[in-house]
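Counting from 1, the numbers follow the sequence of the chain as shown. Because only heavy atoms are used, hydrogens play no part in the values below, and waters and symmetry mates are left out as well, while side chains stay in.
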Amino acid sequence: MKKIITSAIIGILVLGGLIWLARPNGTNNTASVSATSGGSLVALEANNYDFGSISMAAGKVKHSFKIKNTSEEVVTIGKMYTSCMCTTASLMIAGKQFGPIGMPGHGAIPSINQTINPNEEATVEVVFDPAAHGPAGVGRIERSVTLENNTGKPVLLMLAAMVTP
């Protein structure tokens, strides 16, 4: 009986720790990251977008996020990748496009190593294919795009949708 109670307590502590690690870092919709060096990269307007109800039959949907270096230092985006193979992202900066880039393990994730100068903006265009998972892919989805950069903390852009047949 003592072993069962001890196991249950350990399980609850582990579950609580996992929930704590997965929690959002605040309630603000602006994705801002800062490093001790003062570098800051933010998503303008919001770091999340909800397509609402979308149909698999209607095909791919896309959304563009604007990001901006709000610091006085250059920020370098090293890598960018998505959370699922049904989603790709492209970075547009200074008239150049990098991508589309997808999920690690489903193709190479190249190093981008592109700089965003102070007060400069860039665009991350995200494409979601609601039919990628077939008939099992209906219902609420949430996907993300991660931008690793030299500030020490990645920028996370989130997409959501209610997928219908």
For Tyr49, check ring pair (Phe, Tyr, Trp, His ring centres under 6.0 Å) against everything at least two apart and list the hits.
Phe51, His63
Listed pairs under 3.5 Å, donor-acceptor, residues 130-144 side chains, sequence neighbours left out:
residue: Arg140; atom: NH1; partner: Asp50; partner atom: OD2; Å: 3.1
residue: Arg140; atom: NH2; partner: Asp50; partner atom: OD2; Å: 3.1

Determine, using the 4.5 Å side-chain heavy-atom cutoff (strictly less than), whether Val127 and Met85 are members of one ILVMFWY cluster.
no
Show which side-chain atoms of residues 102-121 pair as donor or acceptor with protein atoms under 3.5 Å away, not counting sequence neighbours.
residue: Gln114; atom: NE2; partner: Ile112; partner atom: O; Å: 3.3
residue: Glu120; atom: OE1; partner: Asn117; partner atom: N; Å: 2.8

Do Val126 and Val61 sit in the same hydrophobic cluster, where Ile, Leu, Val, Met, Phe, Trp and Tyr count as joined when their side-chain heavy atoms come under 4.5 Å apart?
yes
With heavy-atom distances below 4.5 Å as the criterion, would you say the side chains of Ile93 and Ile77 are in contact?
no
Between the CG atom in Leu159 and the SG atom in Cys86, the distance rounded to the nearest 0.5 Å is 9.5 Å
Separation of Thr88 OG1 from Ile101 CD1 (nearest 0.5 Å):
9.5 Å
Flag, side chain of Thr87 to backbone of Thr82, donor-acceptor distance under 3.5 Å
no
Would you say that Asn150 contacts Val75 through its side chain, given a criterion of any heavy-atom pair below 4.5 Å between the two side chains?
yes
Show the nearest heavy-atom pair for residues Ser90 and Gly99, with the distance to one decimal.
OG-C, 3.7 Å
If I take atom CG from residue Leu156 and atom OG1 from residue Thr146, how far apart are they, to the nearest 0.5 angstrom?
5.0 Å
Side-chain touch Phe65/Leu147, heavy atoms, less than 4.5 angstrom
no
Just to verify, what does Glu148 make a side chain to side chain donor-acceptor pair (under 3.5 Å) with, not counting sequence neighbours?
Tyr81
Quick check for you: to the nearest 0.5 Å, what is the distance between Thr76 atom OG1 and Lys79 atom NZ?
14.5 Å
Less than 4.5 Å apart, any side-chain heavy atom of Asn149 and any of Val155?
yes
